[in-house]
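Everything quoted here is computed from the prediction, not taken from an experiment. Letters A, B, ... mirror the listed sequences (proteins, then strands); counts begin at 1.
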Number of protein chains: 2
Amino acid sequence: MRIGELATKAGLTAKTIRFYETAGVLPEPERQPSGYRDYNGSALARLRFVKAAQAAGLTLAEIRQVIAVRDLSGPPCRHVADLLDTHAADLDRRIAELAALRDDVQRLRDRAKSLDPSRCDDTAVCHVIPADDPAAHPPARIP
Amino acid sequence: MRIGELATKAGLTAKTIRFYETAGVLPEPERQPSGYRDYNGSALARLRFVKAAQAAGLTLAEIRQVIAVRDLSGPPCRHVADLLDTHAADLDRRIAELAALRDDVQRLRDRAKSLDPSRCDDTAVCHVIPADDPAAHPPARIP
DNA sequence: GTAAAGCCTCCCCTGCGGTGGAAGGTCAAG
DNA sequence: CTTGACCTTCCACCGCAGGGGAGGCTTTAC
């Protein structure tokens, strides 16, 4: 199977598959005499795993690590469980951050409705956003 | 006031201030005969606004837009309110996505605990993550 | 006078997950 | 024999918000 067929079956582009190879989540396949990549069914299984793992929020680096663990020491279930635990905790933290940010934004928005535009101060850009807000969080990175 | 002093007062680095200038959120200041940037107090007010707006989740591009609106048509309160509305809605959507993702991860994690590692299938990388999951969401980008 | 800060511009680097294009090889059909 | 689809490698770029450092001025302190 050549790369185009594999791409179609996996619902990806050939570009992405080559990228996955360089990213180390897909092993280098055999080559046909022409130099074309020659895939077998396991490549498709691998790509499906990668997609599922991505859907679970794992990065390609983490997926590569899971694969490496499996290759070195067998079923990586424990490792995967730990990764998932960490991700769940990260998500909880991020959800809390975003909820706090959302409340701040909502407050500012309500404030905007109650303020009189004509009383806008010329020195600030916009008095809806208080430049001297001491409660300002550090820029809420959304990594 | 030279850039270092402004940076200290604003709690930023000189690099960042130059970057803000090229990003269009800080106007180009006068120059001293030496070529050094020469800031007045309004630059500090502007930087405080930028920080507050960032804390409210606005990107530099949006902040630049708010400033442009103000320069063109006066107090941008309505525009800012719209932006904040949009951001609050975005945040709500993102929080819902992350909550759904978190539930999925949690489910996988619980599954990992209940599975028998010795029954790991050799064809898949790890049976904790089901490669044929039909409910798999598209990779949950966390931009 | 001289050394140390401080400032200037310029270009490259980061992480993440790819995407786009150029220049060229290969294979099947007409 | 040529056309077109497909493949190869390599290099560059996207957004986002800066950070690192080179090589060269200017200002300040002793």
Side-chain angles (χ1 to χ4, degrees), chain A residues 1-26 28-39 43 46-47 49-65 67 87 90 94 101 137-143, chain B residues 1-26 28-39 43 46-47 49-65 67 87 90 94 101 137-143:
Chain A
M1 179 168 38
R2 294 187 312 192
I3 199 170
E5 189 183 346
L6 178 63
T8 303
K9 280 183 180 162
L12 299 169
T13 68
K15 279 263 186 200
T16 299
I17 291 176
R18 291 193 202 97
F19 172 72
Y20 282 176
E21 190 179 316
T22 71
V25 297
L26 185 64
E28 294 187 24
E30 302 291 304
R31 297 288 181 136
Q32 291 170 353
S34 58
Y36 289 8
R37 286 172 178 81
D38 193 6
Y39 293 98
R46 171 63 62 88
L47 288 180
F49 171 76
V50 171
K51 285 187 91 173
Q54 274 192 316
L58 275 63
T59 66
L60 291 182
E62 286 167 334
I63 296 169
R64 183 180 55 223
Q65 203 190 341
I67 292 168
H87 269 268
D90 282 353
R94 183 126 77 242
L101 178 56
H137 311 292
R141 302 266 95 259
I142 312 187
Chain B
M1 180 167 39
R2 297 189 310 195
I3 199 170
E5 189 183 345
L6 178 63
T8 303
K9 281 184 181 163
L12 300 168
T13 68
K15 276 265 185 198
T16 300
I17 290 177
R18 291 193 204 98
F19 172 72
Y20 282 178
E21 189 180 317
T22 70
V25 297
L26 185 63
E28 294 186 22
E30 302 292 304
R31 297 288 181 134
Q32 291 169 354
S34 59
Y36 288 9
R37 287 172 178 81
D38 193 7
Y39 294 99
R46 171 63 61 89
L47 288 179
F49 170 77
V50 171
K51 283 188 91 174
Q54 275 192 316
L58 274 64
T59 66
L60 290 182
E62 286 167 335
I63 296 169
R64 183 179 54 223
Q65 203 189 344
I67 293 167
H87 269 268
D90 282 354
R94 164 99 72 244
L101 177 57
H137 310 293
R141 303 265 95 262
I142 313 189

Send over the distance from A:D90 CG to C:dC16 C1', rounded to a whole Å.
16 Å

Consider side-chain contact (heavy atoms from CB on, under 4.5 Å). Of B:E30, B:R2, B:Q32, B:R18, which one does B:R37 pass it with?
B:R18

So, taking the atom named NZ in B:K9 and the one named CG in B:L6, what distance separates them when rounded to the nearest 0.5 Å?
8.0 Å

Nearest to the side chain of B:T13, which nucleotide is it out of D:dG19, C:dT9, C:dG18?
D:dG19

Hey, is the side chain of A:Y20 poking within less than 4.0 Å of OP1 or OP2 on C:dG18, counting only N and O atoms?
yes

Approximate separation, where rounding is to 0.5 Å, of B:L12 CG and B:F19 CZ
12.0 Å

On the nucleotide D:dA17, are OP1 or OP2 found under 4.0 Å from the side-chain N or O atoms that B:R18 carries?
no

Whole angstrom is fine here: how far is it from CD in B:E30 over to C1' in C:dC7?
17 Å

Going from CZ on A:R46 to CD1 on A:I17, what distance comes out if it is rounded to the nearest 0.5 angstrom?
13.0 Å

Would you indicate which nucleotide in C:dG18, D:dG18, D:dT9 comes nearest to any side-chain atom of A:Q54?
C:dG18

Can you tell me how far CG of A:D38 sits from CD1 of A:I3, rounded to the nearest 0.5 angstrom?
11.5 Å

Within less than 4.0 Å of OP1 or OP2 of C:dC7, is there a side-chain N or O belonging to B:R37?
no

For A:K51 and C:dG18, give me the distance from atom NZ to atom P, rounded to whole Å.
10 Å

Quick check for you: to the nearest 0.5 Å, what is the distance between A:Q54 atom CD and A:L47 atom CG?
10.0 Å

Partner of A:R64 by side-chain contact (heavy atoms from CB on, under 4.5 Å), out of A:L26, A:V25, A:L58
A:V25

Nearest whole angstrom, please: distance from the C1' of C:dC8 to the CG of B:D38.
15 Å

What integer distance in Å separates B:Q32:CD from D:dT27:P?
8 Å

Phosphate oxygens OP1/OP2 of D:dA17: is one of them under 4.0 Å from a side-chain N or O of B:T16?
no

Nucleotide by nucleotide, nucleotides 22-30 of chain C touches protein heavy atoms under 4.0 Å in the pattern (B base, S sugar-phosphate only, - none) ---BBS---

Grab the CG-P distance between A:L26 and C:dG18 for me, whole Å please.
13 Å

Between D:dA17 atom C1' and B:L12 atom CG, what is the distance in whole Å?
12 Å

To the nearest angstrom, the CG-C1' distance between B:L47 and D:dG18 comes to 14 Å

